[in-house]
Amino acid sequence: MERQTHELVAEAFGAAPELLPLLPALFADFTALGGWPDKVATILRESAQLPQEAAVVDLGCGKGAVSLVLAAELGYRVTGFDLFEPFLEDAASGARAAGVHHLCSFEVADIRDRAEAVAAFDVAIFAAVGAGLYGDYSDCIAAIRRWTRPDGYIVISDGFLKQPIPPGAKFPGYGYYERHDEALHQLTAHGDAFAEGSRGSLRLTRSIVSS
């Protein structure tokens, strides 16, 4: 049986479903929920070759922190999807306050159900949502690349294991994490490459990886 929306949202925040009505108040003072808006903007500015008004999809956009920075600083047209409507209301309000509401749109949707129905984007952002939503990184890239044009970019903000998880240890929500070399292998399993970044961290042409 497919999990209900409230269960998916609760899992993303590591909270019990009955606590969901409290999340807007608990996160009232937080605008960026895990993603690094300025870093994502810097990576795209320095490492991606994009049209002036690139079309970007922000998957699991939360309050839209990344979306707003890309619209305000780079002039990109951004579409954000998330399951939690109160956060999307904050995102829309933030776009109006920043004067970029004409460049941003936000919609309640399960991103796993929409990839086959949407137009291709120049960039797909998957920041601080977790590859585990789709499976391992290979499954994640296979799903997200359907959102982008053939020469598009993917930005993922996530982590990898410095050391293997000890046998028998349980870390809920982190089961898909791999060592660095295996994570890179999975991220390029479908023929994608990393665009060279001037900052020399993870090389970011079809996939950009922000970690």
Side-chain angles (χ1 to χ4, degrees), residues 8-9 11-15 30 32-50 54 56-62 65-67 69-70 73-74 76 80-82 111-112 115 121-211:
L8 292 169
V9 174
E11 181 178 295
F13 285 96
F30 294 86
L33 301 175
W36 296 326
D38 293 335
K39 186 173 184 179
V40 172
T42 297
I43 288 172
L44 289 174
R45 183 189 294 112
E46 294 183 352
S47 305
Q49 299 179 359
L50 295 168
V56 178
V57 61
D58 190 355
L59 303 170
C61 65
V66 173
S67 297
V69 167
L70 295 183
E73 294 189 7
L74 304 180
Y76 295 164
F81 294 103
D82 201 274
I111 59 178
R112 297 171 303 171
F121 290 85
D122 297 300
V123 181
I125 309 289
F126 196 60
V129 177
L133 185 64
Y134 286 110
D136 64 16
Y137 278 124
S138 177
D139 294 332
C140 180
I141 291 295
I144 297 174
R145 74 201 306 266
R146 295 199 297 266
W147 293 83
T148 65
R149 307 183 196 284
D151 58 349
Y153 294 83
I154 299 169
V155 180
I156 291 181
S157 177
D158 210 331
F160 54 84
L161 297 176
K162 185 175 181 179
Q163 300 293 337
I165 295 177
K170 295 182 179 180
F171 296 95
Y174 292 86
Y176 67 90
Y177 282 112
E178 299 285 355
R179 291 289 297 274
H180 183 257
D181 55 348
E182 177 59 25
L184 296 186
H185 174 73
Q186 291 184 11
L187 287 166
T188 56
H190 299 281
D192 300 304
F194 295 103
E196 191 72 47
S198 65
R199 295 181 178 264
S201 55
L202 281 183
R203 295 181 189 84
L204 302 176
T205 19
R206 172 150 176 148
S207 301
I208 295 182
V209 181
S210 167
S211 185

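As a basis for the values below, the full set of heavy atoms in this structure was taken, side chains included, without hydrogen atoms, waters or symmetry mates.
- Taking CH2 from Trp36 and OG1 from Thr42, the interatomic distance works out to 12.5 Å, rounded to the nearest 0.5 Å.
- Taking Arg179 as the reference, nothing meets the side-chain hydrogen bond (donor to acceptor under 3.5 Å, both in side chains) condition, with sequence neighbours excluded.
- In this structure, OH in Tyr153 is found 12.5 Å from CD1 in Ile125, a value given to the nearest 0.5 Å.
- Rounded to the nearest 0.5 Å, atoms CD1 (Ile111) and SG (Cys61) are 9.5 Å apart.
- Separation of atoms CG (Leu50) and CG (Asp151) is listed at 9.0 Å; rounding is to 0.5 Å.
- Side-chain contact between Ile156 and Ile141: present, with at least one pair of heavy atoms (C-beta onward) separated by less than 4.5 Å.
- Side-chain contact between Val69 and Asp38 is present, with heavy atoms from C-beta onward closer than 4.5 Å.
- Side chains of Leu74 and Val56 form no contact here, defined as non-hydrogen atoms less than 4.5 Å apart.
- In this structure, the side-chain hydrogen bond (donor to acceptor under 3.5 Å, both in side chains) partners of Glu73, at least two apart in sequence or on a different chain, are Arg45.
- Of the candidates Asp82, Ile144, Val155, Ile144 is the only one forming a side chain to side chain contact (heavy atoms under 4.5 Å, CB included) with Leu59.
- Here the closest non-hydrogen pair linking Ala142 and His190 is CB-NE2, 3.4 Å.
- Of all non-hydrogen atoms in Val123 and Thr148, the two that sit nearest each other are C-CG2, 4.3 Å.
- Judged as a side chain to side chain contact (heavy atoms under 4.5 Å, CB included), and not counting sequence neighbours, the contacts of Glu182 are Glu178, His185, Gln186.
- Thr188 pairs by the side-chain hydrogen bond (donor to acceptor under 3.5 Å, both in side chains) definition with nothing, not counting sequence neighbours.
- Ring to ring, Phe81 and Trp147 are close: their centroids are under 6.0 angstrom apart.
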